[in-house]
Amino acid sequence: MFKVYDVIVVGAGHAGCEAAAAAANMGSKVLLATMNMNTIAQMSCNPAMGGVAKGQIVREIDALGGYSGIVSDKTSIQFRMLNRSKGPAMWSPRVQSDRMRFAEEWRLTLESIENIDFWQEMVTGLVVKDNRVKGVRTSLGIEIPGKSVVLTNGTFLNGVIHIGEKKFGGGRTGEKAATGITEQLIELGFEAGRMKTGTPPRVDGRSLDYSKMTEQPGDDIPGKFSYLNSTSPLTQQKSCWITYTSPEVHNELQTGFDRSPMFNGRIQGLGPRYCPSIEDKINRFADRDRHQIFVEPEGWNTVEIYVNGFSTSLPQDVQYNALTKVPGFEQVKMFRPGYAIEYDFFQPTQLTSTLETKLIENLYFAGQINGTTGYEEAGCQGLMAGINAHLKVKEQAPFILGRSQAYIGVLIDDLINKGTEEPYRMFTSRAEFRLLLRQDNADLRLTKLSYGLGLADDNRYQQMLDKEHQTNQVIALLDEIKFKPDEINPALENIGQAPIKDKSSLSQILKRPNFSITDLQTIYSELSSKLNNYATESIEQAEIQIKYHTYIEREQKNSEKMSELENQNINPDFNYNDIPSLSKEAKEKLLKIKPSTIGQASRISGVSPADVSVLMVYIGR
């Protein structure tokens with residue numbers, strides 16, 4: 001019945017969709033197995049993509065030829081560029097999505113890829129022989145042969161849903177948990193753990209009083225995620241709204257603490273530190289008398305509202321009573337209560353930098369199975385696992401991104417070297433070279449690499465080359481146009497700027513703080529006509545490169561120093577016990593993780609700079 005697939009992807013969430021698409025577009029025959037074809041790419045939690053650091057990841061997925069950005073653009077209802085008041089390293093795109101259309105667009109996209117087959121059934125185990133995966137086994141006892149397998153099980157592995165004192169099995173509300181895989185992986189020698197996440201109530205938008213809330217509209221000039229011209233910015237947008245909890249709301253919530261699974265010990269898994277439940281917030285931050293609530297529409301044509309900031313697993317009656325005391329929610333009608341979910345994950349230190357497991361060859365993990373949280377973090381892992389599963393099957397060199405190349409590289413490097421004890425979420429602060437890893441230049445950083453793999457197509461590659469060429473032309477133009485002090489100082493003084501003392505180019509003037517290309521056009525009116533032939537993205541890219549040239553150059557030099565360590569390879573069979581001067585902890589961690597380079601070894605928790613120095617001397621001999 002089944003042919004031998006190159007890549008079998010288990011799970012059709014954000015990681016699974018990207019994995020299947022990447023492997024198939026590179027030429028692999030792919031099977032995407034899911035328990036429910038109607039919930040492919042379901043937005044299980046908030047109806048949004050992007051945000052701080054997460055928006056950069058979506059841009060990187062797009063630059064590599066993935067689909068998260070394209071699908072987001074086609075199904076968004078609002079666009080905002082966060083942190084515009086800060087430097088460009090912090091700018092982060094975010095969209096509100098139409099939940100139903102997002103899932104539909106992903107399914108239609110996958111169905112349009114000829115190399116993808118689908119199978120709707122629970123996968124309960126793996127077929128493993130001689131420490132190599134040979135396929136999967138389903139709940140009906142069917143064995144499907146495959147040369148590689150990517151597990152992207154999300155929150156479904158032995159998932160348990162908690163609402164107050166009630167608990168029941170499930171991967172998310174209305175869907176059953178997946179069983180069998182965890183138990184088999186533990187038998188094979190894998191280390192498993194439990195994590196927890198949660199979601200807020202969904203309510204009827206018709207029952208809310210928006211006059212008591214603050215409107216949060218989208219950007220006046222909305223942008224988009226994908227670098228491709230095939231998607232367009234929004235021409236109309238839906239607003240979100242902001243309201244707040246109060247001491248009265250907190251008091252109502254506290255009446256249910258004795259029935260809270262978080263506080264009575266029934267939930268053992270650790271939840272996300274940076275996205276806590278509302279009961280966790282009022283318990284941990286008892287000095288705060290209010291917390292922000294974002295009221296987010298779920299789509300263009302639905303009245304369903306996502307109550308962002310009110311994630312909870314308290315009893316349903318407590319949730320409802322507390323919500324009615326939130327300004328604007330006095331007459332609220334609830335569609336369904338919030339809940340917490342516990343699920344199995346596997347320490348990502350058991351993976352190589354390609355996301356292949358160390359114990360079982362050709363088996364890859366991606367997404368929440370690795371201890372991460374968030375659609376974006378899952379999607380980029382799926383993309384990388386799909387790429388590398390294809391390359392391994394085709395006996396080609398692996399594709400690995402470094403920490404100075406992409407947020408994706410930072411994320412994977414963090415996971416495989418440090419592991420995680422709580423759901424891992426990406427932040428700009430995790431990246432040492434975040435000025436290099438901006439959202440505006442992901443295509444310039446990554447599309448050439450992806451094109452070399454055969455994933456980014458000719459159209460994407462040409463658009464990147466055009467942007468690169470135009471950017472260089474704008475920089476050259478601003479370098480060439482120069483003025484003497486008497487020619488430009490009156491115009492500078494007219495806009496409150498200090499005069500120049502020597503002959504200066506427009507590039508030099510542009511480097512001033514709080515000064516933009518728009519200001520240049522004010523002091524030199526002919527510049528506008530000279531820039532008419534250039535795309536807005538290229539002009540913005542040129543401005544960033546000019547203004548931050550010194551800082552960018554410094555980061556590039558630092559990244560080059562780091563790459564020297566990355567080029568010093570370590571034999572995977574190296575016995576660290578042979579080095580007596582290494583610390584005991586360093587030996588234990590190095591033997592467990594088996595880093596492939598000195599650079600990777602230097603980032604392992606418990607390996608000190610002194611240990612790295614000893615290792616470098618020993619390897620150098």
Side-chain angles (χ1 to χ4, degrees), residues 9-11 13-16 18-19 53 57 126 133 148-157 181-182 185-186 188-197 269-273 343-389 392 398-403 406-427 430-431 572 588-597 599-607:
V9 179
V10 180
H14 300 262
E18 289 288 5
I57 289 176
L126 304 169
V133 74
S148 66
V149 174
V150 182
L151 292 183
T152 69
N153 303 83
T155 60
F156 282 77
L157 290 179
I181 290 177
T182 294
L185 289 174
I186 291 173
L188 289 168
F190 286 89
E191 175 192 350
R194 295 285 276 178
M195 280 190 176
K196 166 248 171 187
T197 189
L270 284 170
R273 178 191 301 264
Y343 56 93
D344 294 335
F345 83 105
F346 292 85
Q347 271 297 343
T349 52
Q350 300 170 100
L351 305 176
T352 70
S353 50
T354 64
L355 299 180
E356 183 182 16
T357 67
K358 296 173 181 175
L359 288 175
I360 304 298
E361 191 174 356
N362 290 358
L363 175 63
Y364 296 77
F365 292 173
Q368 284 177 283
I369 192 174
N370 289 336
T372 60
T373 182
Y375 309 142
E376 304 83 1
E377 289 89 342
C380 74
Q381 290 174 73
L383 178 75
M384 296 299 286
I387 289 172
N388 279 302
K392 182 76 180 290
F399 180 63
I400 299 165
L401 292 170
R403 296 181 72 89
Y407 272 95
I408 297 172
V410 174
L411 181 147
I412 293 174
D413 191 73
D414 278 352
L415 292 175
I416 66 171
N417 290 318
K418 300 174 183 176
T420 186
E421 300 302 326
E422 61 188 41
Y424 178 101
R425 180 180 177 183
M426 179 52 72
F427 293 101
R430 295 191 190 272
E588 290 175 356
K589 295 291 180 66
L590 290 165
L591 285 167
K592 180 180 180 180
I593 294 175
K594 295 183 178 179
S596 58
T597 67
Q600 186 185 348
S602 71
R603 295 186 295 277
I604 296 173
S605 178
V607 178

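Residue numbers start at 1 and run along the sequence shown. Note that this is a predicted model, so its numbers are computed, not measured.
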- Carefully, step by step, assess M195 and T373 under the rule side-chain contact (heavy atoms from CB on, under 4.5 Å). CA-CA 10 Å; M195 280 190 176; T373 182; over 6 Å; no
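- With values rounded to the nearest 0.5 angstrom, I604 atom CD1 is found 8.5 Å from I416 atom CD1.
- For the pair K196 and E422, the minimum side-chain heavy-atom distance is 4.5 Å or more.
- Looking only at side-chain heavy atoms (C-beta outward), Y343 and N153 stay at 4.5 Å or farther from each other.
- Checked for salt-bridge contact, R403 and D414 meet the test: a charged N lies under 4.0 Å from a carboxylate O.
- In this structure, the side chain of E377 does not engage the main chain of G367 through any donor-acceptor pair within 3.5 Å.
- Using a 4.5 Å heavy-atom cutoff, the side chains of Y424 and F345 are not in contact.
- The 12-atom threshold is exceeded at NZ of K358, counting heavy atoms of other residues, nucleotides or ligands nearer than 6.0 Å.
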- Item | From CA spacing to verdict: side-chain contact (heavy atoms from CB on, under 4.5 Å), I412, L401 | CA-CA 9 Å; I412 293 174; L401 292 170; over 6 Å; no
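- Applying side-chain contact (heavy atoms from CB on, under 4.5 Å) to F365 and the options T152, T357, L415, L355 leaves one that passes, T357.
- Between atom CD of residue Q381 and atom OH of residue Y364 there is a gap of 14.5 Å, rounded to the nearest 0.5 Å.
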- Task: Begin from the C-alpha positions of D344 and R194 and carry the test side-chain contact (heavy atoms from CB on, under 4.5 Å) through to its verdict.
- Result: CA-CA 5 Å; D344 294 335; R194 295 285 276 178; 2.9 Å; yes
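- When all heavy atoms of A389 and S148 are compared, the pair lying nearest together is CB-OG, 3.7 Å.
- Counting all heavy atoms, side chain and backbone alike, N362 lies closest to V133 at O-CG1, 3.3 Å.
- Although no hydrogens or angles enter the test, the distance criterion places a donor-acceptor pair under 3.5 Å between the side chain of Q350 and the main chain of E191.
- Interatomic distance, CG of L185 versus CD1 of I360, reported as 8.0 Å (0.5 Å rounding).
- Looking at I593 and Q600, their side chains come closer than 4.5 Å, going by heavy atoms from C-beta outward.
- Here the shortest heavy-atom pairing between L590 and A601 reads CD2-CB, 3.8 Å.
- Using a 4.5 Å heavy-atom cutoff, the side chains of T354 and M384 are not in contact.
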- Task: Could you check K589 against K418 for side-chain contact (heavy atoms from CB on, under 4.5 Å), going step by step and ending with a plain yes or no?
- Result: CA-CA 10 Å; K589 295 291 180 66; K418 300 174 183 176; over 6 Å; no
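- With hydrogens and angles disregarded, a donor-acceptor distance shorter than 3.5 Å links the side chain of R430 to the backbone of R425.
- Counting heavy atoms from C-beta outward, M426 and I57 have side chains that approach closer than 4.5 Å.
- L151 places none of its side-chain heavy atoms less than 4.5 Å from the side chain of F346.
- The shortest side-chain heavy-atom distance between E356 and N388 does not fall under the 4.5 Å cut-off.
- F399 is linked by a ring-ring contact (aromatic ring centres under 6.0 Å, His included) to nothing, counting only residues two or more places apart in sequence or in another chain.
- G419 and P348 make their closest contact through CA-CG, 4.0 Å (heavy atoms, listed as atom of the first residue, atom of the second, distance).
- Side chain of N417 to main chain of D413: a donor-acceptor pair is present (N/O by atom type, distance under 3.5 Å, no hydrogens or angles).
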